[in-house]
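Written below as structure tokens is the structure these notes are about.
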Amino acid sequence: MVELPDKRTAFIDWYLAVVEAANLSDKRYGIKGMNVWTPYGFRARRNLDRVLVREIEATGSQGVEFPALIPATEFAKEKEHIKGFDAQVFWVTKGGATELDVPLVLRPTSETAMYPIFALWVRSHRDLPLNVYQIVNTFRYETKTTRPFVRVREIHFFEEHTCQLDEARATERVRSNLGAFRRMAASLALPYLAVRRPKWDTFPGADYTIAFDLPLDGVRTLQLGSVHHYRDNFSIPYGIRYEAPDGSTHAVHQTTFGLSERLLGAIVGAHGDQRGAVFPSEIAPYEVVIVPVVAGAGGTAVARAAEDVAEELRRAGRRVVLDDGDERPGAKYFRWELAGVPLRLEIGPRELEHGQLTSVDRLGRKASVARASAPADVARRLEELDAELVRRALDGLRSAIAPAARLEELTGSKQVRVLGWCGDEACGHEVERAIDGALLGTPEEPLPVPFAAPTSCIACGRTDGVRTALAAQPM
RNA sequence: GGGACUGUGGGGUAGCUUGGUCCAUCCUUCGGGGUUCGGGACUCCGAGACGCCAGUUCAAAUCUGGCCAGUCCCA
């Protein structure tokens with residue numbers, strides 16, 4: 001009976017209400033930023049993981065799993081890296097009552113867990129490339145406000161780590177990751193901006209970072225994930241070296257690619273509406289909900305038909321939930337819409353009589369379909385829904401981008417602003433002060449809306465060496 | 001790191017200023033019964049809370065202190 005807060009004027013309240021009402025996550029665990037995956041949310045997570053695994057393995061990556069604890073001595077080997085994470089690691093300092101001689105870090109990310117082992121695995125050029133990924137939980141002592149999926153202390157983390165022969169091959173791997181992410185995002189019906197971060201916002205220890213940003217409805221911009229080129233910054237301190245055919249030895253060049261359950265938050269934030277969550281079919285915990293409309297006595301035939309349809313769809317590989325509880329149909333519609341199920345099939349005496357089903361997608365589009373062709377029709381309607389979600393999200397992204405020619409235009413802006421930047425850090429920070437946010441960086445791929453390339457730096461006015469840059473308020 | 005604020009059933013709340021009228025209000029939720037059932041049904045019965053520990057007091061949800069948890073602002 002509770003109305004959701006308004007998505008446009010109270011986004012955060014709306015987001016939290018949807019996550020709770022859709023029963024995706026239980027935040028009552030009692031440790032800040034550590035939430036419980038509910039059965040419903042866990043289904044979404046498993047579907048997300050399946051997409052990530054499918055796409056990364058298609059690029060020749062293999063799954064591995066490293067331990068969660070890292071000896072402090074290993075953690076400290078790369079100076080920039082430890083500086084970047086020092087303030088937000090959880091430490092394990094005792095075993096039982098005994099103080100540990102070497103304290104252990106609960107991984108905030110796994111470079112320092114993996115790379116000593118990579119040094120053992122990589123001996124020859126024949127061992128390269130080494131492309132491995134893992135999906136594990138990582139831990140960061142976040143001091144700011146945490147939000148389910150979007151900012152948490154226990155992160156459900158996808159991380160690919162690779163070792164390549166040289167700088168150029170590592171660059172190729174970065175390209176390959178950008179392609180993999182394009183396909184992953186397509187499965188989530190999410191558009192995004194691929195942006196090369198400025199030096200001061202590069203991942204600790206990386207040579208450069210390309211991040212994927214999604215502005216949410218003129219609210220704030222969410223980073224969906226990132227790809228990093230490490231050059232030999234880690235391989236030298238960790239001794240990851242190989243012998244080339246000519247007998248010379250070289251440090252490998254490395255890349256990483258990181259994503260998390262934040263993608264689920266992005267799906268809620270990007271696709272959700274005033275009626276609740278909206279899941280694209282690949283991620284949806286259930287793709288189809290079947291609601292039998294059982295009026296009075298004729299009920300058993302309807303109930304049996306609903307079970308038959310559910311069974312038939314399941315055999316066709318669909319994730320189906322049959323809601324045969326004794327609530328009234330309207331209450332069921334309401335709940336499943338809140339939960340974001342893409343497609344609802346109604347079956348009652350009317351449908352039974354005509355050998356039909358009534359199908360209503362999550363955007364409210366209604367159709368009558370022959371019961372005999374239900375699996376094919378469901379497949380088609382889910383595709384149509386996904387396509388429409390992409391269209392809407394892309395429209396949203398386009399309208400969230402606007403050019404800016406003067407610093408004053410940035411003040412209070414909720415959009416991603418396209419501007420000219422000379423590349424100087426000082427000018428970058430001026431932009432960040434003006435927009436009270438971040439200079440996201442320079443677009444790595446064409447923007448979804450074409451803009452005339454800026455000719456002068458928005459901060460200092462210089463015209464030489466000017467590049468197109470983006471600024472926004474990150475979430 | 002500095003500061004401000006908050007904590008009442010599963011969720012949201014009233015009560016707190018001025019201690020007693022509180023075996024704690026209302027909505028929702030949950031269990032059971034009946035009537036219902038094509039867009040959040042109605043009704044009857046029932047369940048469920050003062051974050052924790054100490055203190056002040058004849059008396060504490062209410063005042064004080066500590067702790068725990070959370071939120072916001074600033075660096």
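For the numbers below, each heavy atom of this structure counts, side chains included, while hydrogens, waters and symmetry mates do not. Proteins get letters first, then strands, A, B, ... in listed order; numbering begins at 1 in each.
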### Query
So what's B/C16 paired with, Watson-Crick or G-U wobble, going by both distances under 3.5 Å?
none
#### Entry: Separation between the C1' atoms of B/G31 and B/G9, rounded to whole Å
15 Å
### Query
What integer number of Å spans the P atoms of B/A59 and B/A54?
16 Å
### Summary
Picking from B/G39, B/G38, B/G11, the nucleotide nearest the side-chain atoms of A/Glu337 would be B/G39
## Note on the structure
When both distances are under 3.5 Å in a Watson-Crick or G-U wobble arrangement, the nucleotide paired with B/G70 is B/C5
### Message
B/U71, OP1 or OP2 - any side-chain N/O from A/Lys32 closer than 4.0 Å?
### Response
yes
### Task
Classify the side-chain pair A/Ser187/A/Glu282 by whether it contains a donor and acceptor separated by less than 3.5 Å.
yes
### Nucleotide nearest A/Ala331 (side chain, heavy atoms from C-beta), chosen from B/A41, B/A75, B/G38
B/A41
### Query
Can A/Arg153 be said to sit on top of A/Tyr141's aromatic six-ring, NZ or CZ under 6.0 Å from centre and within 45° of the ring axis?
yes
### Distance, rounded to the nearest Å, where A/Gln88 contributes CD and B/G1 contributes P
14 Å
### Query
Looking across every strand, which nucleic acid part, if any, lies under 4.0 Å from A/Gly348 by heavy atom: base, sugar-phosphate, or nothing?
base
### Query
Among A/Tyr133, A/Phe157, A/Phe158, which one satisfies ring pair (Phe, Tyr, Trp, His ring centres under 6.0 Å) with A/Phe257?
A/Phe158
### Task
Please state the P separation for the pair B/U57 and B/U62 - nearest whole angstrom.
16 Å
### Query
Are A/Arg220 and A/Phe11 in a cation-pi setup, meaning NZ or CZ lies under 6.0 angstrom from the ring centre and within 45 degrees of the ring axis?
no
### Message
Distance check needed: B/G51 P versus A/Arg28 CZ, whole Å only.
### Response
17 Å
### Query
Now, which nucleotide makes the Watson-Crick or G-U wobble pair with B/A47, with each of the two distances under 3.5 Å?
B/U29
### Message
Strictly by Watson-Crick or wobble contacts shorter than 3.5 Å, is anything paired with B/A41, and which nucleotide is it?
### Response
B/U35
### Message
Taking the C1' atom in each of B/C5 and B/A49, what is the distance between them to the nearest angstrom?
### Response
22 Å
#### Entry: Rounded interatomic separation in angstrom, taking NZ from A/Lys27 and P from B/G11
10 Å
### Query
Which nucleotide, in any strand shown, forms a Watson-Crick or G-U wobble pair with B/U62, with both distances under 3.5 Å?
none
### Query
Taking the C1' atom of each, how far is B/U25 from B/G48, in whole Å?
15 Å
### Query
Reckon A/Arg350 touches a base, only the sugar-phosphate, or nothing at all at heavy-atom distances under 4.0 Å?
base
### Message
Please give the distance between the C1' atoms of B/C22 and B/A60 as a whole number of Å.
### Response
12 Å
### Query
Whole-Å distance between B/G39 P and A/Asp361 CG?
18 Å
### Distance between C1' atoms of B/G66 and B/C45 (Å, rounded)
45 Å
### Query
NZ of A/Lys332 versus C1' of B/A41: gap in Å, rounded?
14 Å
### Residue whose nearest RNA chain B nucleotide is more 5′ - A/Val360 or A/Thr146
A/Val360
### Query
Does A/Arg328 place a side-chain N or O at less than 4.0 Å from the phosphate oxygens OP1/OP2 of B/A41?
yes
### Query
Which of the following nucleotides, B/A41, B/C37, B/G39, is nearest to the side chain of A/Arg275?
B/G39
### Task
For A/Glu20, answer base if it contacts any base atom (sugar-phosphate contacts may also be present), sugar-phosphate if it contacts only those atoms, and nothing otherwise; contact means non-hydrogen atoms under 4.0 Å.
sugar-phosphate
### Task
Could you please name the partner base of B/C23, counting Watson-Crick and G-U wobble pairs only when both distances are under 3.5 Å?
none
### Message
Between A/Trp336 and A/Asp323, do the side chains contain a donor N or O and an acceptor N or O under 3.5 Å apart?
### Response
yes
### Candidate list A/Arg197, A/Arg467, A/Arg196, test salt bridge (charged side-chain N to carboxylate O under 4.0 Å, His left out), partner A/Glu444, passing option
A/Arg196
### Task
Have a look at A/Arg147 and say if it touches a base, only the backbone sugar-phosphate, or nothing, with a 4.0 Å heavy-atom cut-off.
sugar-phosphate
### Nearest listed nucleotide, side chain of A/Pro329, among B/A75, B/U71, B/G38
B/G38
### Task
Let me know the distance between CG of A/Asn23 and C1' of B/G10, rounded to the nearest Å.
12 Å
### Query
A/Asp326 has an atom CG; how far is it from atom P of B/C42, in whole Å?
16 Å
### Residue mapping more 5' on RNA chain B - nearest nucleotide basis, A/Leu338 or A/Lys144
A/Leu338
### Query
Between A/Tyr208 and A/Phe203, is the gap from one ring center to the other below 6.0 Å?
no
### Message
Using the C1' atom as the point on both nucleotides, what is the distance between B/G46 and B/G65, in whole Å?
### Response
41 Å
#### Entry: Nearest-Å distance for atom pair CZ/C1', residues A/Arg344 and B/G39
8 Å
### Task
Could you tell me whether A/His81 and A/Phe234 have their ring centroids closer than 6.0 angstrom?
yes
### Message
Looking at A/Arg335 and B/G39, is any side-chain donor or acceptor paired with a base atom of the opposite kind under 3.5 Å?
### Response
no
